[in-house]
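What follows is a set of notes on a single structure, which appears directly below.
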Amino acid sequence: MPDQFGHLPRGPARTLKAFVWSMQGLKAAWLHESSFRLEAVMAVVMVPAALWLGQTGIERVLLILPVLMVLALELLNSAVEAVIERYGAEHHELAGRAKDMGSAAVFVGLLATVGTWLLILVF
């Protein structure tokens, strides 16, 4: 039965499909995006370090969340870049602006990560 927006409820089969599509996206990012690979390797190091260095559960969460946020931002940035490249390699002001903004989003996420780690672990 549809909900108030007309969508069918998500059952186990659709949930499984959504999971498979998400894994395909992660695989594509790993295979085709060097920045994602670098940030994923950093996350593999930083998440256990956060669990070890954090003094409380809240500190551990605050150290881990921005690291995962950077991965999510990188995935979105890569998706924007892929769509833009799909429509051609010629320069277009709006395409360049979109790619720059995606890159800036990742940069802001990295700044948030560094700032969070400094505030919790140094100050």
Side-chain angles (χ1 to χ4, degrees):
M1 169 168 232
D3 63 14
Q4 65 185 8
F5 303 109
H7 302 289
L8 293 175
R10 185 168 288 210
R14 292 218 3 114
T15 301
L16 179 61
K17 283 183 182 181
F19 175 78
V20 169
W21 295 327
S22 295
M23 294 303 103
Q24 288 174 350
L26 288 171
K27 180 181 177 183
W30 182 264
L31 292 174
H32 303 287
E33 300 295 332
S34 60
S35 294
F36 180 80
R37 285 191 300 272
L38 174 62
E39 291 154 356
V41 168
M42 289 173 51
V44 166
V45 172
M46 293 176 77
V47 168
L51 293 172
W52 183 62
L53 295 170
Q55 299 296 312
T56 66
I58 296 295
E59 283 188 357
R60 290 179 185 111
V61 167
L62 289 174
L63 291 170
I64 292 170
L65 279 179
V67 174
L68 298 179
M69 178 185 66
V70 168
L71 292 176
L73 289 169
E74 187 63 54
L75 288 167
L76 290 171
N77 182 42
S78 296
V80 167
E81 289 179 350
V83 169
I84 290 170
E85 293 302 319
R86 159 66 175 88
Y87 286 101
E90 72 276 354
H91 177 73
H92 188 281
E93 180 183 348
L94 292 176
R97 191 182 313 162
K99 290 172 83 171
D100 291 346
M101 288 177 179
S103 178
V106 175
F107 179 70
V108 169
L110 290 168
L111 288 178
T113 303
V114 169
T116 302
W117 280 63
L118 285 175
L119 286 171
I120 290 175
L121 299 177
V122 177
F123 298 110

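- Taken from CH2 in W117 to CD1 in I64, the straight-line distance is 8.0 Å, to the nearest 0.5 Å.
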(message) Show, in sequence, the C-alpha distance, side-chain angles and deciding distance for Y87 and H92, and conclude whether the side chain to side chain contact (heavy atoms under 4.5 Å, CB included) test is met.
(response) CA-CA 10 Å; Y87 286 101; H92 188 281; over 6 Å; no

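- Under a 4.5 Å side-chain heavy-atom criterion applied to ILVMFWY residues, the cluster that includes V106 comprises M69, V70, L73, L110 as well.
- L94 belongs to no hydrophobic cluster with other residues, because no ILVMFWY side-chain heavy atom falls under 4.5 Å from its own, directly or through intermediates.
- Tracing side-chain contacts under 4.5 Å through hydrophobic residues (I, L, V, M, F, W, Y), one never reaches V61 starting from W52; they form parts of separate clusters.
- One hydrophobic cluster, built from ILVMFWY side chains closer than 4.5 Å, cannot hold both W21 and L16; they sit in different ones.
- The two residues L71 and A43 come nearest to each other via the heavy atoms CD1-CB, 3.9 Å.
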Using distance only, find each side-chain donor-acceptor pair of residues 27-41 under 3.5 Å and give its atom names and separation, not counting sequence neighbours.
from	atom 1	to	atom 2	distance (Å)
R37	NH1	W30	O	2.7
R37	NH1	L31	O	3.3

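- A continuous path of Ile, Leu, Val, Met, Phe, Trp and Tyr side chains, each step under 4.5 Å between heavy atoms, connects L121 with V67, placing both in one hydrophobic cluster.
- The salt bridge (Lys or Arg N to Asp or Glu O under 4.0 Å) check on E90 picks up nothing, with sequence neighbours excluded.
- Between E74 and S78 the shortest side-chain heavy-atom distance falls below 4.5 Å.
- Heavy-atom minimum distance, V45 versus P48: O-CD, 3.4 Å.
- R60 contributes no side-chain N or O that, together with a main-chain N or O of A50, makes up a donor-acceptor pair within less than 3.5 Å.
- Members clustered with V44: none, using a 4.5 Å side-chain heavy-atom cutoff among hydrophobic residues.
- Linking ILVMFWY side-chain heavy atoms closer than 4.5 Å, directly or via other members, places L68 and L51 in a single hydrophobic cluster.
- Summarising the geometry, atom CD1 belonging to I120 is positioned 4.5 Å from atom CG belonging to L62; distances are rounded to the nearest 0.5 Å.
- Applying the 4.5 Å side-chain rule to ILVMFWY residues, one finds V114, L119, V122, F123 in the same cluster as L118.
- By the criterion of side-chain heavy atoms lying less than 4.5 angstrom apart, applied directly or through intervening Ile, Leu, Val, Met, Phe, Trp or Tyr residues, L75 is not grouped with M101; the two fall into different hydrophobic clusters.
- Within the 3.5 Å criterion, the main-chain N or O of K99 finds no donor-acceptor partner in the side chain of S103.
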